[in-house]
2 protein chains.
Amino acid sequence: MTTSQRAHTWQDIQDRIRANIQQRVWLPGELIPGEVALAEQFGCARTTVNRALRELASTGIIDRKRKAGTRVALQPIRRVSASIPVIRTQVEAQQLSYSFKLIKYQLVVPPDNIKQLLQIKANCKSLHVHTVHFSDNAPFIYEDRWVNTQTIGDIKKVDLNEISANEWLVQHVPFTKGEFVVEACLAKASVAKALQVDVKTPLLRSTRTTWLEKESVTMVKLHYLPGHQMRFEI
Amino acid sequence: MTTSQRAHTWQDIQDRIRANIQQRVWLPGELIPGEVALAEQFGCARTTVNRALRELASTGIIDRKRKAGTRVALQPIRRVSASIPVIRTQVEAQQLSYSFKLIKYQLVVPPDNIKQLLQIKANCKSLHVHTVHFSDNAPFIYEDRWVNTQTIGDIKKVDLNEISANEWLVQHVPFTKGEFVVEACLAKASVAKALQVDVKTPLLRSTRTTWLEKESVTMVKLHYLPGHQMRFEI
DNA sequence: AAGTGGTCTAGACCACTGA
DNA sequence: CAGTGGTCTAGACCACTTT
């Protein structure tokens with residue numbers, strides 16, 4: 001019995017509710033008391049109970065529906081999350097020196113798949129950039145990026161040898177939503193060469209696409225050095 | 001101008017604040033007005049502004065500190081998140097039939113690396129299980145799992161041919177925290193055979209370790225079929 | 001139609017932390 | 001020490017959904 005006896009912070013209320021679920025007082029699928037009832041039971045305001053329940057629902061432990069009430073999730077869907085920092089910061093956090101090299105810079109009409117993905121109008125040129133990121137002078141990440149210059153015209157004025165597209169975009173272009181896909185792949189010749197590894201080495205690839213309201217911003221494929229681990233918290 | 005002119009929901013307030021940041025009215029690193037000032041400016045209660053700012057902070061767009069105030073993040077650290085469902089649910093969500101096959105079940109003293117990872121005492125047997133999960137009768141995921149039977153003794157009574165360890169644990173054992181690591185690897189012979197792919201195929205591997213308070217629960221390595229994508233939202 | 005969660009408000013006190 | 005965010009309260013109204 002380490003929990004404080006009569007604390008009214010929403011976290012304490014949340015702990016008490018979670019305990020009821022973990023100790024199977026309330027079984028999966030079962031309806032739990034309403035907010036007003038819990039507030040009375042815990043001796044706090046309904047607002048506080050609401051906060052506790054709302055955050056529990058966001059972790060997937062409970063399901064809430066108006067009128068239907070709150071139920072212990074039948075299939076607790078766990079949410080994992082991680083922060084995605086700028087690559088430079090990611091390297092420097094390990095006390096290593098960071099550098100990068102721009103190896104391709106083109107303003108071209110993108111191929112059809114990119115056009116479709118970023119919803120770029122026909123015959124509109126976009127910025128295509130390849131960058132290698134180094135950690136302590138060793139290749140670390142290979143970056144293949146398309147930037148929608150209709151949305152982000154300013155980037156054409158930037159010297160991407162001085163600041164990486166990754167960092168410039170993060171600092172100058174907020175986005176409203178995005179998608180992040182992770183998969184395993186074999187290194188293609190060009191990527192393998194840039195990362196100084198054998199062809200057919202298994203690599204972790206992340207593909208991120210971001211949007212500013214209805215307009216696409218950028219699509220970037222990152223190939224990580226073999227053995228790289230992407231870490232999440234549950 | 002699609003946003004409603006004078007709505008006082010916290011989301012509307014949040015949109016207005018986000019707009020100020022995205023339109024560079026408030027620059028990165030800059031102090032933004034305090035909650036009371038914003039509440040007055042937007043004509044709403046401070047609580048509402050607080051909610052809006054709190055959720056913005058959780059996405060990494062702003063940094064908040066007591067007394068120091070709220071600043072636009074200099075290096076916006078984006079958080080990605082995804083839900084991790086039970087494998088059966090994951091398959092069935094695609095309208096495919098799910099099945100699994102238990103191919104190894106052993107109660108043994110784990111090797112040192114597992115002992116250390118799960119903090120299992122010397123010479124204590126743990127449960128080691130290998131399972132192949134099928135999507136529409138084709139191998140989908142290869143699962144290699146250790147369960148700490150000191151923490152979860154009940155699982156020894158379960159027939160893991162009837163319900164997968166994955167599903168039983170999710171339904172019966174809540175956990176308090178966990179770690180989730182994703183990496184690329186080459187299929188070893190045993191995994192390749194089970195997934196019916198060539199040796200040296202690049203696979204996505206996720207390793208999850210979960211804890212119930214201070215006690216380890218389970219460590220599970222999942223090898224996904226080649227081409228599998230793990231998707232996150234930003 | 002009614003019950004439940006979702007949210008807003010106004011006011012208050014607290015906790016942290018920078019000056 | 002003083003200012004800022006963090007939270008609690010009590011009451012109210014609203015929105016969604018199931019009955």
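Here is how names work: the chains are called A, B, and so on, in the same order as the sequence lines, proteins then strands, and each is numbered from 1.
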Parallel, tilted or perpendicular: which fits the ring planes of B:Phe140 and B:His228, with parallel below 30° and perpendicular above 60°?
perpendicular

When rounded to whole Å, the CD to P distance for the pair B:Glu40 and D:dT4 reads 14 Å

Whole-Å distance, B:Asp63 CG to D:dT4 P, equals 17 Å

When rounded to whole Å, the CD1 to C1' distance for the pair A:Ile62 and C:dG5 reads 11 Å

When rounded to whole Å, the CZ to C1' distance for the pair B:Arg71 and D:dG5 reads 14 Å

B:Leu53 CG to D:dT7 P, in whole Å, measures 13 Å

When every non-hydrogen atom of A:Leu127 is compared with those of A:Val129, the smallest separation belongs to CG-CG2, 3.6 Å

Here the distance between atom C1' of C:dT4 and atom CG of A:Asn50, to the nearest Å, is 11 Å

query = So, are B:Glu179 and A:Arg231 salt-bridged, with charged N and O less than 4.0 Å apart?
reply = yes

Heavy-atom nearest pair, B:Ala73 first then B:Gly60, reads CB-O, 3.4 Å

Could you check whether B:Arg24 pairs with B:Glu30 (Lys NZ or Arg NE/NH1/NH2 to Asp/Glu carboxylate O, under 4.0 Å)? no

- prompt: Does a side-chain N-to-carboxylate-O contact under 4.0 Å join A:Lys221 and A:Glu143?
  reply: no

Report task. Give a yes/no on whether any side-chain N or O of A:Thr70 is located under 4.0 angstrom from OP1 or OP2 of C:dT4. Result -> no

Nucleotide by nucleotide, nucleotides 8-17 of chain C touches protein heavy atoms under 4.0 Å in the pattern (B base, S sugar-phosphate only, - none) SBB-B--BBB

Heavy atoms of B:Val147 and B:Ser126 approach each other most closely as O-CB, 3.5 Å

Point to revise | Atom CD of A:Glu40: over 12 foreign heavy atoms under 6.0 Å | key: no

Atom CZ of B:Arg64 and atom C1' of D:dT7 are separated, to the nearest Å, by 12 Å

- Is A:Glu92 atom CD crowded by more than 12 heavy atoms from other residues, nucleotides or ligands, each under 6.0 Å away? yes

Note: contacts of residues 27-39 of chain A with DNA chain C (heavy atom, under 4.0 Å) are A:Gly34, A:Glu35

